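Model, not experiment: these values are computed from the prediction.
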Amino acid sequence: MIILVDIGNTNIVIGLAKDNKIIDTFRMSTDTSLTVDEYAGKLKGFGIDKNNIKGVAISSVVPQLDHVFENLFFKYYDKRALVVGAGIKSGLKLKIDNQKQLGADLLCDCVGAYEKYPGDLLVVDLGTATKLLAVNKNKEYLGGAIAPGIISSLNSLVASAAKLSSINLAIPPKTIETETTRCIQSGALVGHACMINGLLSKMKKELNSENIRVILTGGMSYIVKDLLDHEYLYEPNILLEGLLVIYNKNN
């Protein structure tokens, strides 16, 4: 099996792949204060047997944890992890100003999406940040847009307003609400979906293509997916699938 590690700002997702398919996933909170041994204990709790592991691939947007997980897999699993970074073989042509600035998560998203759905694509990934990414039928990554994520926006609002407290992530019955909590839910959640709808419309116009697929993914995508006006394909594991493709291309 191949261990796939997606280290995000909020969560770390571990995937297990066998015969080029994701067969299981595990999730834990990102904590930069934990040591190699402490994270190893968490993986052990998932029941991952090192004798069945062929290789490891890591996508990370938290530099403080890169060496932690590299050392973890070398110490406990006798494996040198492949870490997605500048110069890695991905199969995509990067048509952006500075390739070194491209996040590993964005690259994996687009590689996974194109591998599964070759053609003109818009990938929407809702996590700590909300990312909308464009790939064309010529296998070119064209760039995209990055906005504050749902949780980031809510936390910022609550921290800035003394009379507001944290709220549940639930879609309110109406857009025009009459109670403060539901008003915030309307603005934060329905408003976030409207932002995505608007950006998708503008991006589709810029791409000038009649056959653009929208791929929806990310840990927060389940909240707003029913509010989107655009047709989409829901692929919660597309980042891990892209990471697996990159692992295979580099081994």
Side-chain angles (χ1 to χ4, degrees), residues 6 8-9 59 61 84-154 156 171 175 186-243 245-246 249:
D6 166 26
N9 288 296
S59 164
V61 296
V84 176
I88 202 89
K89 295 178 183 177
S90 69
L92 290 183
K93 303 170 188 174
L94 306 181
K95 299 294 184 177
I96 55 177
D97 296 337
N98 189 342
Q99 296 183 7
K100 292 181 180 179
Q101 290 182 339
L102 180 60
D105 56 338
L106 310 190
L107 181 62
C108 291
D109 274 342
C110 292
V111 169
Y114 193 91
E115 183 75 12
K116 206 164 189 176
Y117 305 103
D120 293 326
L121 299 171
L122 288 169
V123 183
V124 184
D125 183 342
L126 284 86
T128 304
T130 292
K131 291 87 67 177
L132 291 89
L133 317 167
V135 180
N136 68 17
K137 61 186 177 183
N138 297 320
K139 221 171 183 180
E140 296 173 330
Y141 171 66
L142 305 176
I146 301 175
I150 293 172
I151 298 296
S152 303
S153 299
L154 279 171
S156 178
I171 304 298
T175 305
S186 177
L189 304 182
V190 179
H192 205 81
C194 289
M195 176 195 71
I196 294 171
N197 284 327
L199 285 172
L200 285 174
S201 295
K202 286 183 174 294
M203 287 181 171
K204 285 182 176 181
K205 188 174 181 180
E206 285 184 20
L207 287 174
N208 192 27
S209 171
E210 296 180 357
N211 300 302
I212 302 176
R213 287 191 178 103
V214 175
I215 312 300
L216 184 65
T217 191
M220 303 303 296
S221 56
Y222 73 95
I223 296 173
V224 299
K225 64 186 182 70
D226 293 334
L227 297 175
L228 299 184
D229 298 332
H230 299 261
E231 291 186 6
Y232 61 83
L233 296 159
Y234 185 50
E235 293 286 352
N237 290 326
I238 207 71
L239 190 155
L240 293 178
E241 292 174 10
L243 182 55
V245 171
I246 291 173
K249 286 184 180 296

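- No more than 12 heavy-atom neighbours from other residues, nucleotides or ligands sit within 6.0 angstrom of CG on Asp97.
- Rounded to the nearest 0.5 Å, atoms CG (Leu121) and CG (Leu142) are 10.5 Å apart.
- Heavy-atom minimum distance, Pro236 versus Thr217: O-OG1, 3.5 Å.
- Of the possible donor and acceptor atoms, none in the side chain of Asn138 sits under 3.5 Å from a partner among the backbone N and O of Glu140.
- A heavy-atom distance below 4.5 Å is found between the side chains of Cys108 and Val84.
- For the side-chain contact (heavy atoms from CB on, under 4.5 Å) with Leu122, the lone residue among Leu216, Leu207, Ile215 that qualifies is Leu207.
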Could you please spell out the steps behind the side chain to side chain contact (heavy atoms under 4.5 Å, CB included) verdict for Leu228 and Val214? CA-CA 11 Å; Leu228 299 184; Val214 175; over 6 Å; no
Verdict with reasoning, Leu189 to Ile223, per side chain to side chain contact (heavy atoms under 4.5 Å, CB included): CA-CA 8 Å; Leu189 304 182; Ile223 296 173; 4.1 Å; yes
Output side-chain donor-acceptor pairs under 3.5 Å for residues 126-133, partner residues at least two apart or in another chain, one line each.
unit_1, atom_1, unit_2, atom_2, d
Thr128, OG1, Thr10, OG1, 2.6
Thr130, OG1, His192, NE2, 2.7
Lys131, NZ, Ala129, O, 3.4

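- Between Ile196 and Leu227 there is no side-chain heavy-atom pair separated by less than 4.5 Å.
- In this structure, CD1 on Ile238 lies 12.0 Å from CG on Leu243, to the nearest 0.5 angstrom.
- The side-chain heavy atoms of Pro118 and Lys139, taken from C-beta on, include no pair separated by under 4.5 Å.
- Interatomic distance, Asp105 CG to Cys110 SG, rounded to the nearest 0.5 Å: 9.5 Å.
- The shortest heavy-atom contact between Ser90 and Val111 is O-CG2, 3.7 Å.
- At distances below 3.5 Å, at least one donor-acceptor pair connects side-chain atoms of Asn197 with backbone N or O atoms of Asp229.
- Leu106 is listed as a side-chain neighbour of Tyr141, based on a closest heavy-atom distance under 4.5 Å.
- By the 4.5 Å heavy-atom criterion applied to side chains, Tyr114 and Val245 are not counted as neighbours.
- Side-chain polar atoms of Asn237 and Glu241 form no donor-acceptor pair below 3.5 angstrom.
- Considering only heavy atoms from C-beta on, Asp120 stays 4.5 Å or farther from Asn211 through its side chain.
- The CD atom of Glu235 sits 10.5 Å away from atom OG of Ser221, with the distance rounded to the nearest 0.5 Å.
- The CG atom of Leu199 lies 10.0 Å from the CD atom of Glu206; values are rounded to the nearest 0.5 Å.
- From Gln99, atom CD reaches atom CG of Leu107 across 10.0 Å, with rounding to the nearest 0.5 Å.
- Only one option out of Lys204, Glu231, Met203, Lys137 pairs with Ile212 in a side-chain contact (heavy atoms from CB on, under 4.5 Å); it is Lys204.
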